[in-house]
Participant: 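Got a structure here, written out as structure tokens. Questions coming.
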Amino acid sequence: MTPADFVQTVPVPLVHIRRDARIGAMNARAAQLFGVGLVGRHYITALRQPALLEAIESAQGQSPGETAPTSARYLGQEAGRELVFTATVTPLSGDEGLLVAFEDVTPYEEAGQMRSDFVANVSHELRTPLTALSGFIETLRGPARDDPEARDRFLDIMEREAARMNRLVQDLLSLSRVEDIERMRPTDRVDVAQIVTSVAIGLGPLAEGRGVRLLTAGCDAPAELPGDADQLTQVFTNLIENGIKYGREGGSVTVTLTRHETLAALRGPGVTIEVADEGEGISQHHLARLTERFYRVDNHRSRGMGGTGLGLAIVKHIVNRHRGRLRITSEQGQGSRFTVSLPMNSARVA
Ligand code: ADP
């Protein structure tokens, strides 16, 4: 098999560089990355990045088998997307030149980036209440030491900040727990109508406090499906609480449960639970990002309401675990609608 035949069989971008420093062959994946018509040209015309050129030059000085392959990071672009490759340069035996193979490491790089963004976000979220707490401790030790009125006021704020940190830690734990078991579909049968009813009863006082009417429909008869009762309780708590928090003060939040013989999105029988509020709504460009961790439309408002920015991320993961769907629609000035669809069948028959 000639190097030209060989490179075509490999499913990653692969370039053969002859001993005379010309490109001997490249496979279709490499042509996608570097362009066509490069065979016969000097390799520098195609592979211009200094780190890679250096790796090739150092490999050219080696005899095969003498040392390990050299590698370099290579930044590429395909269909407008930035990609990161690890390019490995391996000298071939005899006078055959060398092979450069490109492994796409973009997903690992992205995962690493997401991890460090997440840590930065968590630190930032924790630092704000911590700074407030340290500041008040200092004030209570110093200027406010003998001022009972100020002391009470500061202790109230400190309690609120501590509660915020507590909520954040709870939400982080929920998120990590649900991510851990996201692939394991729940097997218990639970009555989602009853879950929605108890959540609504539990949130009655919060709604009342904001003068919001909390209405439920379709929850009189049971609606059984395979589910995790605690997690579904969390889903409807988060959605209804958001409806109350971000909806119109003095308006209503309506939770409607509907049974469907077939739900197209789930390809089978299912239940939808829709939580609709009469708030200002959410503009279109925010909708797609709402379920990202720490994504908030209005930072100030969310924090003022004691929000952690993790509620909808938790909802999305729990719904995924149940093999359901979350749909968010909103009309500016009219309100928002969060619809959870859950399958009623235990396992999809293939
Ligand atoms: P938070 O703890 O900030 O409420 P969530 O993940 O529950 O976090 O929600 C993310 C963001 O989505 C909120 O900060 C808010 O900006 C927006 N949001 C959520 N629910 C609603 C709603 N019913 N109406 C308007 N905006 C909402």
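Quick caveat, the model's predicted, so the values are computed rather than measured.
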Participant: Would you say Arg41's side chain and Ile23's backbone share a donor-acceptor pair under 3.5 angstrom?
Facilitator: no
Participant: Partners of Ser330 by side-chain contact (heavy atoms from CB on, under 4.5 Å), sequence neighbours excluded?
Facilitator: Ile282, Leu287, Ser336
Participant: Is the backbone N or O of Ala223 less than 3.5 Å from a side-chain atom of Asp191, with the two atoms forming a donor-acceptor pair by type?
Facilitator: yes
Participant: Is there a side-chain contact between Val235 and Leu239 (heavy atoms, below 4.5 Å)?
Facilitator: yes
Participant: Gln113 and Asp117: side-chain donor and acceptor closer than 3.5 Å?
Facilitator: yes
Participant: Can a donor-acceptor pair be found, under 3.5 Å and without considering hydrogens, that links the side chain of Thr9 to the backbone of Asp5?
Facilitator: no
Participant: Same hydrophobic cluster for Leu263 and Leu232, using side-chain heavy-atom links shorter than 4.5 Å among ILVMFWY?
Facilitator: no
Participant: Is the backbone N or O of Leu215 less than 3.5 Å from a side-chain atom of Thr254, with the two atoms forming a donor-acceptor pair by type?
Facilitator: no
Participant: Answer yes or no on whether Arg293 is positioned over the face of Phe118, meaning its NZ or CZ is under 6.0 Å from the six-membered ring centre and within 45° of the axis.
Facilitator: yes
Participant: Are Phe136 and Thr131 side-chain neighbours, meaning at least one heavy-atom pair lies under 4.5 Å?
Facilitator: no
Participant: Using ring-ring contact (aromatic ring centres under 6.0 Å, His included), reason through Phe34 and Phe102 one step at a time and then give a plain yes or no.
Facilitator: CA-CA 12 Å; Phe34 303 109; Phe102 295 81; 5.1 Å; yes
Participant: Do Gln231 and Val178 come within less than 4.5 Å of each other through their side chains, counting heavy atoms only?
Facilitator: yes
Participant: Does His260 reach the side chain of Thr258, with side-chain heavy atoms less than 4.5 Å apart?
Facilitator: yes
Participant: When you compare the side chains of Gln332 and Ser283, does any donor N or O come within less than 3.5 Å of an acceptor on the partner?
Facilitator: no
Participant: According to the interplanar angle, ranging from 0 to 90°, do the rings of Phe85 and Tyr74 count as parallel (below 30°), tilted (30 to 60°) or perpendicular (above 60°)?
Facilitator: tilted
